[in-house]
S.K.: 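Below you will find the structure I want to go over with you.
Every chain is numbered from 1, with letters handed out A, B, ... down the list of sequences. Predicted model, so just to flag it, every value in this text is computed and none were measured.
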There are 2 protein chains.
Amino acid sequence: MGEEKIKEILHQAGLKYTPGRAALIDFLWRASRPLTQEEISLGLKESGLNKVSIYRALDSFLQAGLVHRLESGDRVWKFAFCGCGSRGHCHPHFICRACGKVECLTKVHLPEVAASAQGYIIEEQEVYFKGLCPGCS
Amino acid sequence: MGEEKIKEILHQAGLKYTPGRAALIDFLWRASRPLTQEEISLGLKESGLNKVSIYRALDSFLQAGLVHRLESGDRVWKFAFCGCGSRGHCHPHFICRACGKVECLTKVHLPEVAASAQGYIIEEQEVYFKGLCPGCS
DNA sequence: AATATAAACGCAACTCAATTGCGTTTAGAG
DNA sequence: CTCTAAACGCAATTGAGTTGCGTTTATATT
Ligand SMILES: [Mn+2]
Ligand SMILES: [Mn+2]
Ligand SMILES: [Zn+2]
Ligand SMILES: [Zn+2]
């Protein structure tokens, strides 16, 4: 992703532009699938961005609706760039029970937000499909 | 829940009947909302069932489709008795961002299982709604 | 009723993803 | 250039969940 685009994204989110954050956003964007902190650290090892800084950056990205955070059953968070502007998920995610891979089903759009009912105010939704991916089935 | 019913449930799942498991099933059943291990330990303190035994029992209940296990964003698992026979969720769950309460929306039934597509075999689905509960809105 | 065996259990130690504290560096506004 | 809050690095800490292992118990079989 271009540096100018990243500067714009961070500025709009009220966050400072730093080399580490630029590398992080670019890496997530190129990955186009949810990644763990460990995967990110490996991919950014030449940038040297510290593990704690990665978590803190991801937290602020999450607040700003720039990334999704998902939990696929193993208590390890995975992060995916989205930029949809919502902390919730704008599409469902698929989790393969065989290889553990997690995918964004960006083709499948969720209804804007399920109608609120009986006093509940529904602001976000999170949908996981679990089963076998094309490679494992 | 009656002792005979619990014996039947455990037998059908191929699990031994023990006082601890009976108390656990009964407690989850009476709670009718997802509970953490800590909440369960508190509720069963007179039974004295060990934390590890609770986790191990819940694991086997999960395999047998007797309980749901959910993760509501704080990295703490919550377990709810269901008995629907599926490890997946048969109804959506609501998570309140204000009070943190988690509820089973048993009235809202999910479509049996979303149609599989493009080589994906979807076996289970998990749907979370997040927002404000009636008490907090 | 006695016996055998695998399942269930309790306790202590362990794991490791994520967090916290704190001193230092740096982006970016003025 | 100066100043300040934000961002950062490193070490230590947290705590939900797991593992190892020796003991107890449910339950099928004799
Ligand atoms: Mn996604
Ligand atoms: Mn439920
Ligand atoms: Zn797979
Ligand atoms: Zn609430």
S.K.: Does B/S53 place a side-chain N or O at less than 4.0 Å from the phosphate oxygens OP1/OP2 of C/dG10?
M.R.: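 Yes, because at least one side-chain N or O of B/S53 sits under 4.0 Å from OP1 or OP2 of C/dG10.
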
S.K.: Taking the six-membered ring for Trp and the full ring for Phe, Tyr or His, determine whether the centres of A/H93 and A/H91 are under 6.0 Å apart.
M.R.: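 Centroid distance A/H93-A/H91: below 6.0 Å, so yes.
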
S.K.: Tell me what A/V52 touches on the nucleic acid: a base, only sugar-phosphate, or nothing, going by heavy atoms under 4.0 Å.
M.R.: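 Base: the residue A/V52, judged by heavy atoms under 4.0 Å, touches a nucleobase.
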
S.K.: Using the C1' atoms of five pairs at each end, what's the angle between the two axes of the helix from C/dA1-D/dT30 to C/dG30-D/dC1, to 10 degrees?
M.R.: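 Roughly 40° between the end axes, to the nearest 10°.
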
S.K.: Is it true that B/F129 and A/Y120 have ring centroids separated by less than 6.0 Å?
M.R.: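 So the answer is no for these two rings.
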
S.K.: Look at A/Y55 and C/dA18 and indicate whether a side-chain polar atom (N or O) is within less than 4.0 Å of OP1 or OP2.
M.R.: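 Yes, within the criterion.
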
S.K.: With heavy-atom distances below 4.5 Å as the criterion, would you say the side chains of A/E126 and A/H89 are in contact?
M.R.: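 A side-chain contact exists here, since the closest heavy-atom pair is under 4.5 Å.
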
S.K.: In whole angstrom, give the distance that lies between atom CZ of A/F79 and atom C1' of C/dA17.
M.R.: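 To the nearest whole Å, that distance equals 10 Å.
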
S.K.: Between A/Y17 (OH) and D/dA7 (C1'), how many Å, whole number?
M.R.: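 After rounding, the reported distance stands at 14 Å.
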
S.K.: Nearest nucleotide by nearest heavy atom, which residue falls closer to the 5' end of DNA chain D, A/G20 or B/H11?
M.R.: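 Whichever sits nearer the 5' end wins; that is A/G20.
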
S.K.: Starting from the 5' end of DNA chain D, give me the residue, B/K7 or B/R69, whose nearest nucleotide shows up first.
M.R.: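 Its nearest nucleotide lies further toward 5', so the answer is B/R69.
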
S.K.: Between B/E71 and B/R75, is the salt bridge (charged side-chain N to carboxylate O under 4.0 Å, His left out) condition met? List the steps.
M.R.: CA-CA 6 Å; B/E71 213 292 302; B/R75 285 175 44 85; over 6 Å; no

S.K.: Measure CG/B/L58 against P/C/dA8 and give the value in whole Å, please.
M.R.: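 Those two atoms, CG and P, are 13 Å apart.
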
S.K.: Does C/dC16 have OP1 or OP2 sitting under 4.0 Å from an N or O in the side chain of A/R75?
M.R.: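 Checking A/R75 against C/dC16: no side-chain N or O falls below 4.0 Å of OP1 or OP2.
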
S.K.: Within this structure, what is the CG-CG distance for the pair A/L35 and A/L28, rounded to the nearest 0.5 Å?
M.R.: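 So the gap between those two atoms works out to 6.0 Å.
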
S.K.: Quickly work out the B/L70 CG to D/dG17 P distance and round it to whole Å.
M.R.: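 Rounded to whole Å, this separation is 12 Å.
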
S.K.: Please state whether the phosphate of C/dC9, meaning OP1 or OP2, lies under 4.0 angstrom from any side-chain nitrogen or oxygen of B/T18.
M.R.: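 So the side chain of B/T18 is within the cut-off, an N or O lying under 4.0 Å from OP1 or OP2 of C/dC9.
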
S.K.: What is the distance from CD1 of B/I54 to P of C/dG10, rounded to the nearest Å?
M.R.: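 Rounded to the whole Å, the gap is 9 Å.
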
S.K.: Quickly work out the B/L10 CG to D/dA26 C1' distance and round it to whole Å.
M.R.: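 Going from CG in B/L10 over to C1' in D/dA26 covers 12 Å.
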
S.K.: Round to the nearest Å and state the distance from B/D59 atom CG to D/dG17 atom C1'.
M.R.: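 Roughly 9 Å, once rounded to whole Å.
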
S.K.: Do the side chains of A/F81 and A/I9 get nearer than 4.5 Å, heavy atoms only?
M.R.: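 With C-beta onward as the side chain, the pair touches.
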
S.K.: When rounded to the nearest 0.5 angstrom, what is the spacing between SG in B/C96 and NZ in B/K101?
M.R.: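 One gets 7.5 Å once the value is rounded to the nearest 0.5 Å.
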
S.K.: Working to the nearest 0.5 Å, report the span between CD1 of B/I95 and CD of A/E123.
M.R.: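 Rounded to the nearest 0.5 Å, the CD1-CD separation comes out at 12.0 Å.
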
S.K.: Which one, D/dT27, C/dG10, D/dA16, comes nearest to the side chain of B/N50?
M.R.: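 Nearest to the side-chain atoms of B/N50, counting from C-beta on, is C/dG10.
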
S.K.: Let's see if you can work this out: which of C/dT19, C/dG28, C/dG21 has an atom nearest to the side-chain heavy atoms of A/W77?
M.R.: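 Looking only at side-chain atoms, A/W77 lies closest to C/dT19.
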
S.K.: Which nucleotide in the list C/dA27, D/dC10, D/dA26 gets nearest to the side chain of A/K16?
M.R.: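 Closest nucleotide to the A/K16 side chain: C/dA27.
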
S.K.: Classify the side chain of B/R56 versus the base of D/dG17 as yes if they form a donor-acceptor pair under 3.5 Å and no if they do not.
M.R.: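 Check fails, no donor-acceptor contact within cut-off.
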
S.K.: Please report, rounded to the nearest Å, how far the C1' atom of C/dA8 is from the CZ atom of B/F61.
M.R.: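 One finds 11 Å between C1' of C/dA8 and CZ of B/F61, rounded.
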
